Amino acid sequence: MDTFRILGGQRLAGRIAVNGAKNAALPVLTTCLMTRQPCCFHGLPLLRDVQTQVKILNTLGIETRWQGRSVHTRLRDDYNSTAPYELLKTMRAGVCVLGPLLASRGQARVSLPGGCVIGERPIDLHLRGLEALGAEIDIEHGYVQATAPIGGLRGAEIYLGGTWGSSVTATHNVMCAAACARGRTVIECAACEPEVVDVANCLNAMGARISGAGSPRIIIDGVRRLTGADWKVIPDRIEAATFVVLAAITRSALTVTNCRPDHMLAFIHVMRQMGIDITVRGRRLEVAPSKRPRACEVVTLPYPAFPTDCQAQVMALACLADGASVITERIYPDRFMHAAELKRMGATISIANAQAVIQGVRNLEGAEIMASDLRASAALVLAGLAAKGETLLHRIYHIDRGYERIEERLRRLGARIERIPTPA
Ligand code: EPU
């Protein structure tokens, strides 16, 4: 398990380009299961999770060939419809093969995803949506066994809301299954995230008839078959936001390129409330060097509101703000693992009932800390870069799941960060 050694307090400068969105790439890749024709997906981030998704597709009879940031896929055979635990235990997004498999092969056996450090993450909405389309679902030995009825899935009106609002990957699964069902499906309380829209656009380019993606009501008129895909995934709005916080927390001037500011409005709004000077220029965000940020009040909610995947990074910034910030988690009430580590660096944070109160301090201090999950690791790297002295961040394999060669890209901006490999 590698460690980052970070020497904080450096001013950074320059440009940093955003890669393709992990959370778009993972579901988009699964659309190749829905066609017998070859597909090509471009602009993929070279991340462990994306490689895991490709391995899952390989076990499902898809041949793949990488070419730079593109992957070419071809159906070799459709004998196996089981997505195994060995792969799904490392990455929950493997569950995105459920809807595509059911649509194309009439059956799917997918391991229930394992536990998750950011809190309970059930898949009841996925199953409820697929059942509404006529699928028979059994849970056996830790696997979801889904079978389409004789004659295939049929369109239905489905309310896909849960206690915590909409679900991104449940919307994906139901939308994919409905794309090839008989008749019309209406999904109410669909997730509106740009990553859902990216999948819908990709499916439409393959011949599907989906409208309303990006709104809470998605209408899908089923088609008999889909053609191949040639698709480029959207830029990663969470990576872009992480880089904006990087500029703000190190009080540096940075330009974040290849991003979609229109996907980041709630985040940009919060940054501006904190006094961060951001200029939007087309696909670029220019962040001017800022003074000490103001405190913020943030509530995470489904898109288009403030994303839970940016909560940890903004908490790191709030640790250094002038005044008391309040951050409320409305997606994953337990997603505050980073707070304890930030406190080891001198932050003042108290947490109760899914709410963190952060009393800003003037400085953080380098310390030996531990990454617990992907976004927590990003927040701790940011804190380390702003802190006085040396930080040793352990268990950084988490950050490799979502940020490609992050230390090399940060070094190009002037950051002092190095990877210390674990002795073999
Ligand atoms: N939920 C249910 N039942 C379900 C599904 C979800 O109650 O069947 C609840 C969840 O427990 C949560 C809320 O609904 O409280 C939203 O979860 P959602 O299903 O939208 O999350 P997801 O689709 O599993 C995606 C991202 C996450 C991101 C969430 C929320 C992918 C591959 N993952 O997960 O990304 O946090 O949406 O925006 O798209 C990350 O990148 O670090 C990450 C965790």
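Note that the coordinates shown come from a computational prediction; the quantities given were computed from them, not determined experimentally. Each ligand, and each atom within it, is numbered from 1 in the order the structure gives. Computation of the quantities below employed the complete heavy-atom set of this structure, encompassing side-chain atoms and omitting hydrogens, waters and symmetry-equivalent molecules.
- Interface atoms of ligand 1 facing Ile123, defined by a heavy-atom separation under 4.0 Å, are 4 (C), 8 (O).
- Here the shortest heavy-atom pairing between Ala83 and Ile56 reads CB-CG2, 4.1 Å.
- Of all the heavy atoms of Ala191, none lies under 4.0 Å from any atom of ligand 1, so neither backbone nor side chain is involved.
- Remark: side-chain polar atoms of Asp138 are not paired, donor with acceptor, to backbone N or O of Gln145 under 3.5 angstrom.
- With hydrogens and angles ignored, the 3.5 Å screen pairs a side-chain donor or acceptor of Glu329 with a backbone N or O of Tyr332.
- Nearest to atom 8 (O) of ligand 1 by heavy-atom distance, out of Val95, Leu26, Leu374, Leu125, is Leu125.
- In Val168, the parts holding a heavy atom less than 4.0 Å from any atom of ligand 1 are both the side chain and the backbone.
- Scanning the protein for heavy atoms near atom 24 (O) of ligand 1, the closest one is Arg121 NH2, 3.1 Å.
- For ligand 1, the atoms closer than 4.0 angstrom to any heavy atom of Ala93 are 32 (C).
- Below 4.0 Å from some heavy atom of His126 lie the following atoms of ligand 1, by number and element: 8 (O).
- By the 4.0 Å heavy-atom criterion, Arg401 is excluded from the residues contacting ligand 1.
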Give the C-alpha distance, both sets of side-chain angles, the deciding distance and a yes or no for side chain to side chain donor-acceptor pair (under 3.5 Å) between Asp198 and Trp231. CA-CA 9 Å; Asp198 207 35; Trp231 195 253; 3.2 Å; yes
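- Near Thr308, meaning under 4.0 Å from any of its heavy atoms, are these atoms of ligand 1: 30 (C), 36 (O), 38 (O).
- In summary, Asp78 and Arg36 engage in a salt bridge, as defined by a charged side-chain N under 4.0 Å from a carboxylate O.
- Ranking the protein heavy atoms by distance from atom 19 (O) of ligand 1 puts Ser167 OG, 2.5 Å first.
- With hydrogens and angles ignored, the 3.5 Å screen pairs a side-chain donor or acceptor of Glu239 with a backbone N or O of Asn19.
- To the nearest 0.5 Å, atom NE2 of residue His72 and atom CH2 of residue Trp66 are 10.5 Å apart.
- Contacts with ligand 1 closer than 4.0 Å are made by side-chain heavy atoms of Arg335 only, the backbone lying farther away.
- The contact set between ligand 1 and Ser166, taken as ligand atoms under 4.0 Å from a residue heavy atom, comprises 16 (C), 20 (O).
- Note that CD1 of Ile187 is 8.5 Å distant from CD1 of Ile210, once rounded to the nearest 0.5 Å.
- The protein heavy atom nearest to atom 42 (O) of ligand 1 is Arg375 NE, 2.9 Å.
- Neither the backbone nor the side chain of Arg92 comes within 4.0 Å of ligand 1, counting heavy atoms alone.
- Using a distance-only test at 3.5 Å, with no hydrogens or angles considered, no donor-acceptor pair links the side chain of Arg15 to the main chain of Thr257.
- Of all protein heavy atoms, the one lying nearest to atom 15 (O) of ligand 1 is Ile331 O, 2.6 Å.
- Side chains of Tyr403 and Thr242: a donor on one and an acceptor on the other come within 3.5 Å.
- His338 and Asp373 share no side-chain donor-acceptor pair at under 3.5 Å.
- The closest protein non-hydrogen atom to atom 32 (C) of ligand 1 is Asn23 OD1, 3.3 Å.
- Considering each of Gly162, Ala378, Cys310, Pro122, the one bringing a non-hydrogen atom nearest atom 2 (C) of ligand 1 is Pro122.
- Across the listed options Asn173, Asp309, Asp124, Asp309 owns the non-hydrogen atom lying nearest to atom 40 (C) of ligand 1.
- The Lys22 neighbourhood of ligand 1 comprises atoms 40 (C), 41 (O), with distances under 4.0 Å to a heavy atom of that residue.
- Of the protein's non-hydrogen atoms, Tyr332 CE2, 4.1 Å is the one closest to atom 10 (C) of ligand 1.
- Closest to atom 13 (C) of ligand 1 among all protein heavy atoms lies Trp164 CB, 3.8 Å.
- Shown are Glu418, Glu407, Glu368; of these, the salt bridge (Lys or Arg N to Asp or Glu O under 4.0 Å) with Arg5 is made only by Glu418.
- Nearest protein neighbour of atom 23 (O) of ligand 1, counting heavy atoms only, is Thr169 OG1, 2.6 Å.
- Other residues, nucleotides and ligands contribute at most 12 non-hydrogen atoms within 6.0 Å of the CD atom of Glu136.
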